Structures are given as C-alpha cells and as structure tokens.
Amino acid sequence: MKRAVILILLPGLLWAQDAVVPVLEKGMTVEGLRSPFYNAQGERIAELIGGRARMQTPEVADVEHLRIDIFEGAHQTAQLYAPRCQTRIDMVDGVKHLIAESDGLVLIVTDAFRMTGRGFRFDTRDKRFEVLNEVKILGSPGLWKSSGALF
C-alpha cells in the first residue's frame, strides 16, 4: 500500500518543480534531458535537450546527442547539435548559465545559414557560440542582405 501512495504522489511532486530539487551525483546517467535557461529578467534564452547525460559532478556532465535551442524573446533563432560534448552549469548572481564544449563535430542551424565544424564552445552568458576548426558555412545571400549582415 505504501508503494501505491508514493506512485500517486510522485507525478504531483514532479509538476511542483520549485519544491523538488533533483539530486544529481557523480556517475549517475540521465536520459531524456531537457533544461531551459533564463536570463536575469526571466526570459528563456536557451533550452538544452539531450539524449543521455553521464554526471561527472552535480554541475558537469558528458552529454550524448546534445541539442541547444537558442531564443530571442519567444522566437527560436538558432539550433546547435553535437553528437557528444561536455556541459557545465555555473550560477552567477542567482542565474543558471550553461556552458557546452566539445572537440567533436557540431552543426549550427539558423534562418540565414547552416554551419558545420569540429570543436565548439557555447555560453549563455555571452549568448554566442564559437566553432573552432574545419568550419563550413552554407548560407543564403538574400537573407544576409535583408538582415543587414555584411561579409
């Protein structure tokens, strides 16, 4: 009977996310990862979606099949995909920031271009990503002109 009560209460606890703090320990594996990141004004700036994460510490994880959606207001402006990377969460002035890094392959997709490369760094504090090596860009010149970008 105690098991039935716990199973009935568990979904209610999961919805009250402010009240439940997940305990992530070294060596744990988490599947179906989804974590939004907000700026100091409470606006969503990025959302991490991962297939599987193996925790190195409570703040650092090795993630397989990472996708990061990047937002400006309610509009998704870019999407980053990496087969493998390491993520770290930093708290600065009570705001959770995501840092993702890898030496492996990366794909970045926006309305104006698609970029591939090897090795990247993404930081929600700077709201930017860097592709470090073997960069290839496929873009639409018409979209560059309309956005005001000059190359």
Side-chain angles (χ1 to χ4, degrees), residues 10-11 13-26 28-151:
L10 184 59
L13 291 175
L14 292 176
W15 286 108
Q17 291 181 3
D18 292 335
V20 177
V21 177
V23 178
L24 301 173
E25 297 176 358
K26 182 178 178 179
M28 287 180 70
T29 299
V30 179
E31 293 192 27
L33 191 61
R34 190 173 197 113
S35 180
F37 291 85
Y38 300 90
N39 62 17
Q41 293 76 32
E43 300 167 325
R44 181 175 59 165
I45 56 172
E47 186 165 13
L48 178 145
I49 301 164
R52 175 179 296 162
R54 181 161 177 85
M55 304 307 297
Q56 300 302 319
T57 70
E59 295 83 23
V60 177
D62 294 326
V63 181
E64 296 176 5
H65 304 291
L66 171 83
R67 185 177 101 198
I68 300 174
D69 295 338
I70 303 162
F71 297 90
E72 286 288 332
H75 178 68
Q76 180 180 332
T77 58
Q79 191 173 74
L80 179 146
Y81 172 78
R84 294 184 181 271
C85 75
Q86 187 172 75
T87 62
R88 184 176 78 240
I89 296 175
D90 287 342
M91 290 292 282
V92 178
D93 297 327
V95 177
K96 182 172 68 166
H97 293 281
L98 170 68
I99 298 158
E101 298 176 293
S102 176
D103 292 332
L105 296 172
V106 63
L107 168 66
I108 299 167
V109 178
T110 71
D111 290 341
F113 64 87
R114 291 175 179 22
M115 180 187 307
T116 62
R118 185 169 297 278
F120 77 94
R121 177 175 164 76
F122 172 76
D123 190 339
T124 57
R125 244 181 316 229
D126 300 340
K127 292 174 61 172
R128 72 179 204 169
F129 44 81
E130 298 174 70
V131 179
L132 306 173
N133 299 301
E134 301 174 30
V135 177
K136 295 178 183 163
I137 300 173
L138 177 62
S140 170
L143 287 174
W144 290 344
K145 289 178 186 175
S146 66
S147 68
L150 300 173
F151 293 94

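Just so it is clear, the structure is predicted and the values come from calculations on it, not from any experiment.
In this structure, CD1 in I68 is found 6.5 Å from SG in C85, a value given to the nearest 0.5 Å. For the atom pair M28 CE and Q56 CD, the distance stands at 13.0 Å (nearest 0.5 Å).
Q86 is listed as a side-chain neighbour of V60, based on a closest heavy-atom distance under 4.5 Å. Contact annotation: the side chain of F113 never approaches that of L138 to less than 4.5 Å [non-hydrogen atoms, C-beta and beyond]. No side-chain heavy atom of L98 sits less than 4.5 Å from a side-chain heavy atom of D123. Between I70 and F122, the closest side-chain pair of non-hydrogen atoms falls below 4.5 Å. Residues D111 and H75 form a side-chain contact, since some pair of their non-hydrogen atoms from C-beta on lies under 4.5 Å apart. At a threshold of 4.5 Å between non-hydrogen side-chain atoms, the residues I89 and F37 count as touching. Counting heavy atoms from C-beta outward, D69 and I49 have side chains that approach closer than 4.5 Å. The shortest side-chain heavy-atom distance between E47 and F71 falls under the 4.5 Å cut-off.
T116 contributes no side-chain N or O that, together with a main-chain N or O of L107, makes up a donor-acceptor pair within less than 3.5 Å.
Contacts of E134 classified as salt bridge (Lys or Arg N to Asp or Glu O under 4.0 Å), with partners at least two apart in sequence or in another chain: R118.
Minimum interatomic distance between G117 and V131 (heavy atoms only, all atoms of both residues): CA-CG1, 3.7 Å. Taking every heavy atom of both residues into account, V63 and G50 meet most closely at CG1-CA, 4.2 Å. Across A100 and T87, no two heavy atoms sit closer than the pair CB-CG2, 4.1 Å. Taking each heavy atom of G119 and V106 in turn, the nearest pair found is O-CG1, 4.2 Å.
For residues 93-107, the salt bridge (Lys or Arg N to Asp or Glu O under 4.0 Å) pairs, not counting sequence neighbours, are E101-R121. Among residues at least two apart or in separate chains, salt bridge (Lys or Arg N to Asp or Glu O under 4.0 Å) pairs with a member in residues 73-88 are E64-R84, R88-D90.
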| said: Assess the residue pair L66 and L48 against the criterion (side-chain contact (heavy atoms from CB on, under 4.5 Å)); give the C-alpha distance rounded to whole Å, side-chain angles, the decisive distance to 0.1 Å, and a yes or no. | reply: CA-CA 7 Å; L66 171 83; L48 178 145; 3.6 Å; yes
| Is there a side-chain contact (heavy atoms from CB on, under 4.5 Å) between F120 and L80 once you walk through the steps? | CA-CA 10 Å; F120 77 94; L80 179 146; 3.9 Å; yes
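Geometrically, R67 does not engage Y81 in a cation-pi contact, judged by NZ or CZ lying under 6.0 Å from the ring centre and within 45° of the ring axis.
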